[in-house]
Structures are given as structure tokens and as C-alpha cells.
Amino acid sequence: MYTTKLHLIPLILVLLPYLAQARSYGGRNGGIAIYWGQNGNEGRLNETCATGRYKYVNLAFLNIFGGGQVPSLNLAGHCDPSSGGCVGLSSEIKFCQSQGIKLLLSLGGGIGNYSFSSREDAKNFAQYLWDNFLGGHSNSRPLGNAALDGIDFDIESGSTLHWDDLARFLHMYNRRNGGRKVYLGAAPQCPFPDRYLGTPLETGLFDYVWVQFYNNPPCHYNGNITNLIDSWNLWSSRKYIKKLFMGLPAATQAAGRGFLPPNVLTSQVLPIIKRSPKYGGVMFWSKYWDDQSGYTRQIVNFV
Ligand SMILES: *[C@@H]1O[C@H](CO)[C@@H](O)[C@H](O)[C@H]1NC(C)=O
Ligand SMILES: *[C@@H]1O[C@H](CO)[C@@H](O)[C@H](O)[C@H]1NC(C)=O
Ligand SMILES: *[C@@H]1O[C@H](CO)[C@@H](O)[C@H](O)[C@H]1NC(C)=O
């Protein structure tokens with residue numbers, strides 16, 4: 001018995017490098033980011049966080065601001081911000097944060113009216129965001145007194161100007177008076193560089209970049225991962241990008257084109273992108289579509 005075990009020691013020593021390699025084969029561990037807010041039938045925010053599957057939740061969208069407009073939040077059927085109906089989300093936001101989940105307010109989206117008329121306009125809007133959603137104070141905070149972790153840029157229409165200014169002005173509130181970090185996220189489209197977010201990203205101030213690898217044939221999955229991986233490699237080669245996420249539709253109907261089946265993600269794509277030092281995880285549009293397809297349930301242990 002004893003001697004048999006001793007015989008195994010040299011064998012284990014020989015195998016050690018291979019065992020270590022097998023352990024690191026999976027590469028870096030990432031997290032899942034999800035967009036929540038554009039469909040009232042996708043569960044509450046606290047339920048979304050209680051699934052334990054998401055590490056980042058982008059609240060979508062603040063879609064009217066700039067150019068003298070009164071900023072307006074749209075959370076679809078979840079609640080009506082204009083009548084103060086969303087302040088109850090404060091306790092849900094705090095619950096999510098207690099689970100270690102980062103919550104960002106997402107600016108823009110496909111439908112809305114947002115542009116800055118000047119640098120000053122962007123500066124005033126940064127102050128508005130700080131006062132109403134981050135660590136500042138205002139008597140009309142749409143989500144109550146809970147302070148969000150940061151701001152996500154999902155800019156897809158309007159003027160291309162002053163988004164870099166907004167990033168710089170928001171960064172000035174970072175750890176203000178010994179306070180918390182203000183995280184910045186961005187969701188550019190995959191064709192490089194992004195028309196709206198190319199210049200802002202070059203500031204190097206963004207903590208998370210969740211590129212939308214869909215609705216764009218030159219860089220989305222089309223039954224072949226070549227274009228997708230080539231595009232990922234181009235994005236990840238940019239020095240100013242710190243953490244890169246692969247943004248995907250959570251169901252075939254969630255985007256016009258570019259759906260990547262979960263088994264292709266886990267068997268072909270993740271083993272490649274997880275080797276990238278920039279790998280941060282995977283982003284999905286959206287919680288509603290994820291509920292319909294069960295996508296993240298299938299991949300959460302591989303991300
Ligand atoms: C979410 O919040 C609602 C309203 O406060 C509460 O009834 C429910 O139990 C909460 N759910 C979770 C999972 O925390
Ligand atoms: C969009 O915003 C601009 C100001 O930036 C304003 O002049 C315009 O009327 C707005 N459009 C609509 C449809 O509200
Ligand atoms: C995928 O596309 C690339 C480039 O278009 C091509 O070279 C390659 O042969 C394709 N692979 C498969 C399996 O179709």
C-alpha cells in the first residue's frame with residue numbers, strides 16, 4: 001500500500017506542468033454585463049441582481065439630454081421617472097451593490113434626442129449626472145438617494161462632438177472628497193473606430209468597453225468566427241482600452257443580425273478571447289431577451 005503510493009510520486013512530478021497548464025487553459029475569469037430597463041417584463045432590478053449571474057448592470061436609458069433639454073430617463077414599463085415613480089429603485093440599487101454588482105446609468109441608446117451644443121453644455125450635464133445619479137445631491141433625484149457606480153456611454157445618434165469632454169468632466173468627480181470611484185463604461189459598435197465613441201475612448205478614462213459585436217457584418221459572427229475574432233483583436237490592441245467585453249445579442253430576435261449561439265461562444269470564442277490580457281467578460285443586450293432564451297444560464301460557468 002505504502003510503497004505503491006511512493007511509486008506514484010515521480011509520476012505526479014512529471015505530470016505537474018501539464019496539470020498546471022490544464023488549470024490555466026480556461027484563461028482569465030470574466031463577468032457578465034447586462035442591459036436592464038427597456039422592457040417592463042424582464043423582472044425587477046433586485047431580482048436581476050439576485051440571479052447571481054451578472055457582475056455589471058447598465059440601467060437603460062437616459063435618452064434625452066443636452067442642447068437645453070430637460071434630461072429625461074426612460075425605464076419603459078418598470079416605472080415612471082417623471083412622476084417620481086422610480087425613487088423606489090433606491091433600495092434595489094443598494095441591494096445589488098451589496099452583492100458586489102456595479103450599476104451604471106446608460107446614456108443614449110437607439111431612440112432619443114441627445115447632443116451637446118458646446119463643451120460647457122457637456123460640463124453642465126456632467127454636473128447634473130453627479131448631482132442626480134452619483135455621489136452629489138439634488139432634491140429631484142430620479143432614482144432616489146442611492147448613488148450609482150458610474151455612467152455608460154451608448155451613443156448612437158446625434159452630434160459626434162463633446163463626448164470626450166463629458167468623459168473628462170465626469171472623471172473630475174472620481175473619488176471626489178475621498179468619495180467613491182466613478183466608473184465609466186462605453187458600448188461602441190464593432191466597426192473600428194466608432195463614429196461617436198472613438199475620440200472619447202482615446203482619453204483612456206473608460207474602465208469597461210463592451211463592444212457591440214452585432215448588426216455589423218464586417219465584425220459580427222456569420223456562421224464563421226473569423227471576422228468576430230479579427231475585430232476583437234483589433235479592439236484589444238488599443239492601449240487606451242483597459243477591460244474589453246464581447247457584447248452580444250442574448251437571443252436571435254434581440255438584434256437584426258449577429259447572433260452567436262451559446263455553444264459556439266463557449267466552445268470556439270471564449271477559449272480564444274479569454275487569453276487576451278484585456279478580457280473582462282461578455283455583455284448582453286438585454287435582460288428581457290436573456291430571460292426568453294436562457295442564454296446566460298448556459299454560459300455563466302464558462303465566462
Ligand atoms: C425586490 O424588491 C421587492 C420590493 O421591495 C421585494 O418585494 C422583493 O422581495 C425583492 N426581491 C429580492 C429578490 O430581493
Ligand atoms: C432635439 O434636441 C434639440 C436640442 O438639442 C432640439 O432643438 C430639438 O427640437 C429636439 N428634437 C425633438 C424631436 O425633440
Ligand atoms: C471563415 O472565413 C475565413 C475568411 O473569410 C475563411 O478564410 C475561412 O476558410 C472560413 N472558415 C470556415 C470554416 O468556413
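Side chains are part of it too, since the values below use all heavy atoms of this structure and drop only hydrogens, waters and symmetry mates. Ligands are counted one by one from 1 in listed order, and the atoms in each one are counted from 1 as well.
- A centroid separation of 6.0 Å or more is found between the aromatic rings of Y221 and F213.
- Distance remark: protein heavy atom present below 4.0 angstrom from atom 11 (N) of ligand 2.
- Protein heavy atom in closest approach to atom 4 (C) of ligand 3: T226 CG2, 4.0 Å.
- Nearest protein heavy-atom neighbour of atom 13 (C) of ligand 1: A50 CB, 3.9 Å.
- Within a 4.0 Å radius of atom 1 (C) of ligand 3, the protein contributes one or more non-hydrogen atoms.
- Between Y208 and W210, the ring centre distance stays below 6.0 Å.
- Under the 6.0 Å cut-off for aromatic ring centres, F245 and Y56 qualify, their centroids lying closer than that.
- Counting protein heavy atoms under 4.0 angstrom from atom 7 (O) of ligand 1 gives zero.
- Between W163 and F116, the distance separating the two ring centers is shorter than 6.0 angstrom.
- Remark: the D154 side chain and the S106 side chain contain no N/O donor-acceptor pair separated by less than 3.5 Å.
- Each of the atoms 1 (C), 2 (O), 3 (C), 8 (C), 10 (C), 11 (N), 12 (C), 14 (O) of ligand 3 lies under 4.0 Å from some heavy atom of N224.
- Here the protein heavy atom with the shortest distance to atom 9 (O) of ligand 1 is N46 ND2, 4.8 Å.
- Atom 5 (O) of ligand 1 has its closest protein heavy atom at R44 NH2, 4.3 Å.
- Residue N113 has at least one nitrogen or oxygen atom sitting less than 3.5 Å from a nitrogen or oxygen atom of ligand 2, judged on distance alone.
- Y54 and D290 share a donor-acceptor pair across their side chains, judged by distance under 3.5 Å alone.
- Remark: K181 qualifies as a cation-pi partner of Y183 under the 6.0 Å distance and 45° angle criteria applied to the six-membered ring.
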